[in-house]
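Here is the structure we will look at.
Every chain is numbered from 1, with letters handed out A, B, ... down the list of sequences.
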Number of protein chains: 2
Amino acid sequence: MIAPEIPTKTVERLSRYRRIVRERSDGGAISLFSYELAKLAGGSAAQVRRDLMAIGCSGSPIYGYKIDTLVEAIGLAIDGATEQRMVLVGLGHLGAALVDFVERYCPKLVIFAAFDIDPSKIGRVHHGVRVYSVESIGQIVAEQQIRIAILAVPGEAAQAVADGLVAAGVHGILNFAPSVIRTPINVYVEQTEITATLEKVAYFARHYGAQQKQRKER
Amino acid sequence: MIAPEIPTKTVERLSRYRRIVRERSDGGAISLFSYELAKLAGGSAAQVRRDLMAIGCSGSPIYGYKIDTLVEAIGLAIDGATEQRMVLVGLGHLGAALVDFVERYCPKLVIFAAFDIDPSKIGRVHHGVRVYSVESIGQIVAEQQIRIAILAVPGEAAQAVADGLVAAGVHGILNFAPSVIRTPINVYVEQTEITATLEKVAYFARHYGAQQKQRKER
DNA sequence: TTCACGCTGTGAAAAAGTTAACAAAGTCCA
DNA sequence: TGGACTTTGTTAACTTTTTCACAGCGTGAA
């Protein structure tokens, strides 16, 4: 299989589907229909089928989609062959929350190391993750050939840290800092705008008469 | 002015623009051009102009957009007339981080109260926010006529909490829990999928040869 | 065997979002 | 004064994403 080139939005939804069907599987289910998954994930049945089609996953008109086949296919499509190691920069409240998230919900992702400037945190181990000084970012990332980094630092520090990460060989950055970072074009950056998300919810909550987003499930 | 009905994506970007131009304004700038804002925000100049057009904000070919006009126009478009009060459910690491975020970057949003099940937190004040027992959610939300809620609870608890919030009159929910919640159609729900975002970055970092998303800013 | 049923897979249409491109307008400089 | 320059406001083209709609296919009932 070459590069399937899955659309951005589909990748996101596949991840959600996987989480949902895993839960379903714990409940004893063997298979489900597209409309069931759509209801659980908040989308339309056609979209579910199309997303699954994109990764070459097919179901039967009788049983729907087999859950274990589905989990496997999603894994094949979006996970790497091996587990992927990441580093986390900034172990404040947000960083700590992220460590828990990854540990709990992302079995194929591992936070290999965390970095902070607070001397009282450096050298300690938080949830199985060792904390280093930010000064050693370059060295550790390069040595360990880490390709993915999570930024949970204050906005002012984000660009400098990002520069160091890129220089050390990182290809993907998930940035939670409220400031847009600039990188070479071959680095994938996902900018998580918590502020913007909050303000968006406030806006649409005020305009709640006119729904967008809300799927017509039910 | 009636309901301007601004597109979802535009609302998000406007929020980002505002944050950026505010910073710029601290730096002494009076006005900027669309291409400058585009570069700072990671988009195209045409998009910036289109977004600003959507809120009836106009600039001059000579100065570009005046920063204070811009901030005011964005505020008029996406903020309410008065500051909006929210409640936060779940004061773990993530919740604590969110309190800081709102305080620091969202001057028009106030977290009025937080709720948790941990007795050691209840009754205390965290960053100016008083923590109550989750049992009092309904009462406080209804009494104070809170319309927006942030969910930072474990996935298992999300649906039950959401039901209570909706019953108490909430119109908008920002859900950080990794489980999709169901609500009546007149409630706006924003599902923040941290897990999915992480996996997406991992996926695209691996496929970094083929860029999407990355704007061609230099 | 034959029919009706319900769901999948998928092309085609529609909608949403983004980029390109250009007329209009103000300023500067000669 | 007039022409070159720069950037806005906006329309049109284009791309991406979502929805519609229906043929095809096992199954189970008759």
Side-chain angles (χ1 to χ4, degrees), chain A residues 4-17 21 29-67 69-70 73 77 191 196 200 204 210-217, chain B residues 4-14 16-17 21 29-67 69-70 73 77 191 196 200 204 210-218:
Chain A
E5 211 39 65
I6 308 170
T8 314
K9 294 285 188 73
T10 298
V11 173
E12 264 171 280
R13 280 190 301 260
L14 286 171
S15 170
R16 180 187 286 189
Y17 295 161
V21 298
I30 295 293
S31 59
L32 43 48
F33 294 116
S34 62
Y35 70 87
E36 294 177 294
L37 184 47
K39 198 167 190 176
L40 294 165
S44 71
Q47 188 167 65
V48 169
R49 291 201 299 274
R50 192 164 279 282
D51 287 339
L52 297 182
M53 201 176 71
I55 58 169
C57 188
S58 67
S60 135
I62 311 308
Y63 322 114
Y65 299 85
K66 286 232 167 70
I67 286 182
T69 313
L70 219 158
Q191 183 73 31
K200 182 172 72 164
F204 284 112
Q211 295 74 342
Q212 24 268 107
K213 290 278 126 182
Q214 282 302 121
R215 326 305 171 121
K216 68 270 274 191
E217 4 156 1
Chain B
E5 209 42 61
I6 308 170
T8 315
K9 293 283 188 75
T10 298
V11 173
E12 265 172 278
R13 281 190 301 260
L14 286 171
R16 179 187 287 189
Y17 296 160
V21 298
I30 295 295
S31 59
L32 42 49
F33 294 117
S34 61
Y35 70 88
E36 295 176 295
L37 183 47
K39 199 166 189 177
L40 294 165
S44 72
Q47 187 166 64
V48 169
R49 292 202 297 275
R50 180 168 283 279
D51 288 338
L52 297 182
M53 201 176 71
I55 58 170
C57 187
S58 67
S60 135
I62 311 307
Y63 323 115
Y65 299 86
K66 287 232 166 69
I67 286 181
T69 314
L70 219 158
Q191 184 73 31
K200 182 171 73 165
F204 284 112
Q211 296 73 338
Q212 24 268 109
K213 289 280 126 182
Q214 281 304 118
R215 328 303 172 123
K216 66 270 273 192
E217 4 156 357
R218 133 163 327 277

Just how far, in rounded Å, is [atom2] of [N] from [atom1] of [X]?
| X | N | atom1 | atom2 | value |
| --- | --- | --- | --- | --- |
| Leu37(B) | dT7(D) | CG | P | 14 Å |
| Asp51(A) | dT10(C) | CG | P | 14 Å |
| Ile55(A) | dG9(C) | CD1 | C1' | 14 Å |
| Gln47(A) | dT8(C) | CD | C1' | 16 Å |
| Tyr35(A) | dC20(D) | OH | P | 18 Å |
| Ile62(A) | dT27(D) | CD1 | C1' | 5 Å |
| Glu36(A) | dT8(C) | CD | C1' | 14 Å |
| Tyr63(A) | dT8(C) | OH | P | 13 Å |

N/O to N/O distances under 3.5 Å, protein versus nucleotides 9-16 of chain D:
from    : atom 1 : to       : atom 2 : distance (Å)
dG9(D)  : OP1    : Gly59(B) : N      : 2.7
dG9(D)  : OP1    : Gly59(B) : O      : 3.3
dG9(D)  : OP2    : Tyr65(B) : OH     : 2.7
dG9(D)  : N7     : Arg49(B) : NE     : 3.0
dG9(D)  : O6     : Arg49(B) : NH2    : 3.0
dT11(D) : O4     : Arg50(B) : NH2    : 2.9
dA12(D) : N6     : Arg50(B) : NH2    : 3.2

Any side-chain heavy-atom pair of [X] and [Y] under 4.5 Å:
| X | Y | answer |
| --- | --- | --- |
| Glu36(B) | Lys39(B) | no |
| Leu37(A) | Tyr65(A) | no |
| Thr8(A) | Phe204(B) | yes |
| Thr10(B) | Arg13(B) | yes |

message = Tell me whether the side-chain N/O atoms of Ser34(B) come closer than 4.0 Å to OP1 or OP2 in dT7(D).
response = no
key: Residue-phosphate contact under 4.0 Å: Ser44(A) side-chain N/O, dT19(D) OP1/OP2   =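 Checking dT19(D) against Ser44(A), a side-chain N or O does come within under 4.0 Å of OP1 or OP2.
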ask   = Closest approach of Ala38(A) and Ala45(A), non-hydrogen atoms and distance?
value =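 Ala38(A) and Ala45(A) have their closest heavy atoms at CB-N, 3.5 Å.
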ask   = Just how far is it from atom OG of Ser44(B) to atom CG of Asp51(B), taken to the nearest 0.5 Å?
value =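 Rounded to the nearest 0.5 Å, the OG-CG separation comes out at 8.5 Å.
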query = If you measure from CD1 on Ile62(B) to CZ on Phe33(B), what distance do you get to the nearest 0.5 Å?
reply =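 Here the rounded value is 7.5 Å.
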message = Of the listed nucleotides (dC7(C), dG26(C), dT17(D)), which one gets closest to any side-chain atom of Pro7(A)?
response =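 Among the listed nucleotides, the one closest to the side chain of Pro7(A) is dT17(D).
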